[in-house]
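This report concerns only the one structure given below.
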Amino acid sequence: MKRLSYIDRVKGLLVISVVLGHAAWSIGLMDYNYPYVCYPFNTTTFLYVGIFMQAFFLVSGYVSNFHKDFKTFIVRNIQTIIVPLFTLGFVKQVFEGLLTADYSLFSMGGVRTFILNGPLWFLNALFLSRLIYWMFVHALHNRYMRGAVMIAIMIGSIFINHHPNSFPSDYFYWQASLGLCVFLWIGDEMKQVRITDKRLLGMGIFYVFLLVLSRFLPVLSPIPYDAAKSTLTYWQIPIDVFYVLSGTALLGWISRKTGHNKFLEYYGKNSLVVYIFNVPVLCFSAFLTTLIISPAGKVKPQFRNPTNSLRPLRSKPPRMQFLLFKLAFCHILTDMSA
């Protein structure tokens with residue numbers, strides 16, 4: 001399938017949503033309590049929290065060819081998902097551990113967890129769900145039968161999520177992958193539809209309407225997809241699917257109307273790298289924030305005067321060395337993301 005620039009822009013919008021969604025959480029990882037920073041992020045997550053992970057699966061289903069032979073399909077997915085998962089993911093874990101002073105990765109338990117679960121649940125679930133959907137594409141040639149099976153698998157995943165002790169451990173996030181297969185099918189089916197700006201806007205309006213309505217009827221609020229344990233219930237399946245469909249359509253309409261936005265296209269084409277390194281970069285940003293700005297939101301006195309700002313650093317060489325050490329890692333992360 002020919003690469004579509006507006007799809008890259010959709011992915012760019014989605015990965016920016018991921019970064020925004022992780023911002024307050026990353027500040028928490030650093031044990032900082034900055035309400036003026038966290039509040040804007042926490043109060044706006046409802047705008048995208050119900051779609052930004054599931055929509056990636058829908059887009060993946062739309063741009064992927066599931067009719068390839070098994071060898072070609074599996075090799076390609078190992079190259080594009082598994083290899084970055086364990087190589088860049090290891091680098092990410094090391095940087096994040098240094099920033100948060102969490103060295104569990106270097107223990108026997110940490111190595112075991114890294115191997116069995118991987119460092120990034122989204123990529124684990126994407127790989128497994130794509131493999132599962134590929135098998136059903138080749139086993140069931142009836143499109144609607146495949147859809148029925150994908151919905152049944154989603155229902156099964158909800159049952160598993162609510163009875164975790166009755167099933168094997170969630171190694172490689174296999175439970176999350178089951179609940180997301182249906183969005184690969186939806187994306188695959190979207191290839192049969194002629195997509196126009198009018199249709200995208202028509203669907204996108206429903207997303208805005210649902211969000212507004214959910215402020216008055218919390219029962220209709222978007223359901224965040226938590227890898228550890230989804231809170232989705234059986235009766236919420238139609239709402240969840242409709243949120244993802246209409247929300248992705250709205251992003252598609254926005255991306256088409258932005259024209260050739262190089263910024264969004266760049267983020268979309270490099271969404272994998274951005275996703276992998278967004279948390280350590282955010283953690284380092286939080287570290288810099290606490291050095292310069294007080295919890296009250298004001299610049300610290302020693303940084304108002306450049307001359308005075310050097311005195312506490314001179315008086316504490318170990319702290320200065322630690323700061324330079326972290327600055328070096330930030331520079332490496334920036335180079336890798338570029």
### Residue M203 excluded, over 12 heavy atoms near CE under 6.0 Å
yes
#### Entry: Any residue meeting ring-ring contact (aromatic ring centres under 6.0 Å, His included) with F209, in chain and number order, not counting sequence neighbours
none
#### Entry: Residues which pass side-chain contact (heavy atoms from CB on, under 4.5 Å) with I7, listed by chain and number, not counting sequence neighbours
L4, K11, V59, Y62, V63
### Query
How are the rings of F159 and F167 set relative to one another: parallel (under 30°), tilted (30 to 60°) or perpendicular (over 60°)?
perpendicular
#### Entry: F57 and F122, any side-chain heavy atoms less than 4.5 Å apart
yes
### Query
Quick one: OG on S64 to CH2 on W134, what's the gap to the nearest 0.5 Å?
14.0 Å
#### Entry: Student check: side-chain heavy atoms of L120 and I276 closer than 4.5 Å
yes
### Contact summary for F66 and V137, nearest pair of heavy atoms
O-CG1, 3.7 Å
### Query
Can any side-chain N or O of R9 pair as donor or acceptor with the backbone N or O of K257 at less than 3.5 Å?
no
#### Entry: Check: N278 side chain, Y275 main-chain N or O, donor-acceptor pair, under 3.5 Å
yes
### Task
Please work out whether the ring planes of F86 and F172 are parallel, tilted or perpendicular, with thresholds of 30° and 60°.
parallel
### Task
Would you check if S271 and L14 make a side-chain contact, meaning some heavy-atom pair closer than 4.5 Å?
no
### Message
Applying ring-ring contact (aromatic ring centres under 6.0 Å, His included) to Y267 and F263, what does each step give before you reach the verdict?
### Response
CA-CA 6 Å; Y267 264 69; F263 175 79; 4.8 Å; yes
### Message
Applying side-chain contact (heavy atoms from CB on, under 4.5 Å), can you list everything that pairs with T87, at least two apart in sequence or on another chain?
### Response
V83
### Nearest heavy-atom neighbours spanning F56 and F52
CD1-O, 3.1 Å
### Query
Does a side-chain heavy-atom distance below 4.5 Å link I186 with V244?
no
### Task
Check side chain to side chain donor-acceptor pair (under 3.5 Å) between E96 and all other residues, then give those that pass, not counting sequence neighbours.
K92
### Closest heavy-atom pair and its distance - V10, S255
CG2-OG, 3.3 Å
### Task
Check whether any side-chain N or O of D188 sits under 3.5 Å from a backbone N or O of L184 as a donor-acceptor pair, and report yes or no.
no
### Query
Do the side chains of I239 and L220 get nearer than 4.5 Å, heavy atoms only?
yes
### Query
Given side chains that start at C-beta, do those of I237 and V182 come closer than 4.5 Å, heavy atoms only?
no
### Summary
When rounded to the nearest 0.5 Å, the distance separating CZ of F90 from CG of L85 is 13.0 Å
### Task
Flag yes if V193 and W185 sit in one hydrophobic cluster, no otherwise; membership is Ile, Leu, Val, Met, Phe, Trp, Tyr, and two members link when side-chain heavy atoms are under 4.5 Å apart.
no
## Note on the structure
Taking every heavy atom of L211 against every heavy atom of P222, the minimum-distance pair comes out as CD2-CG, 4.1 Å
### Task
To the nearest 0.5 Å, tell me how far T258 OG1 sits from L13 CG.
7.0 Å
### Task
Please lay out, stage by stage, how L178 and I160 fare under the test side chain to side chain contact (heavy atoms under 4.5 Å, CB included).
CA-CA 10 Å; L178 295 179; I160 292 171; 4.0 Å; yes
### side chain to side chain contact (heavy atoms under 4.5 Å, CB included) between Y6 and I195, worked out
CA-CA 12 Å; Y6 85 92; I195 297 178; 4.0 Å; yes
### Task
Look only at the side chain of N261 and the backbone of L264, and say whether a donor-acceptor pair between them is shorter than 3.5 Å.
yes
#### Entry: From CZ (F95) to CZ (F284), nearest 0.5 Å
11.5 Å
### Query
About how many Å separate CG of L47 and OG of S17, when rounded to the nearest 0.5 Å?
9.0 Å
### Task
Supply the atom-to-atom distance I81 CD1 to L123 CG, rounded to the nearest 0.5 angstrom.
7.0 Å
### Task
Write out all pairs satisfying side-chain hydrogen bond (donor to acceptor under 3.5 Å, both in side chains) with one or both partners inside residues 238-249, taking only residues at least two apart or from two chains.
Q54-D240
#### Entry: I82 vs F127, side chain to side chain contact (heavy atoms under 4.5 Å, CB included): CA-CA, chis, key distance, verdict
CA-CA 8 Å; I82 298 301; F127 177 80; 3.7 Å; yes
### Query
If you take all heavy atoms of A125 and S177, which pair is closest and at what distance?
O-CB, 3.4 Å
### Query
Would a 4.5 Å heavy-atom cut-off, applied to side chains only, mark F287 and L99 as touching?
no
### Query
Are the side chain of T45 and the backbone N or O of G21 linked by a donor-acceptor pair below 3.5 Å?
no
### Query
What heavy-atom pair brings F73 and N65 nearest, and what distance separates the two atoms?
CD1-O, 4.1 Å
### Query
Going hydrophobic residue to hydrophobic residue with side-chain gaps under 4.5 angstrom, can you get from W235 over to I155?
yes
### Message
Just checking Y48 against Y207, ring centres under 6.0 Å apart?
### Response
no
Contacts under 3.5 angstrom, residues 141-151 side chains, donor-acceptor by atom type, not counting sequence neighbours:
| residue | atom | partner | partner atom | Å |
| --- | --- | --- | --- | --- |
| N142 | OD1 | Y144 | N | 2.9 |
| N142 | OD1 | M145 | N | 2.9 |
| R143 | NE | E189 | OE1 | 2.9 |
| R143 | NE | E189 | OE2 | 3.4 |
| R143 | NH2 | E189 | OE1 | 2.7 |
| R146 | NH1 | L140 | O | 2.7 |

### Task
Give the intermediate values and the outcome of side chain to side chain contact (heavy atoms under 4.5 Å, CB included) for residues L201 and D197.
CA-CA 6 Å; L201 179 59; D197 290 352; over 6 Å; no
### Query
Shared ILVMFWY cluster between V49 and V219, side chains joined below 4.5 angstrom?
yes
#### Entry: Backbone of V281 reached by a side-chain donor or acceptor of S285 within 3.5 Å
yes
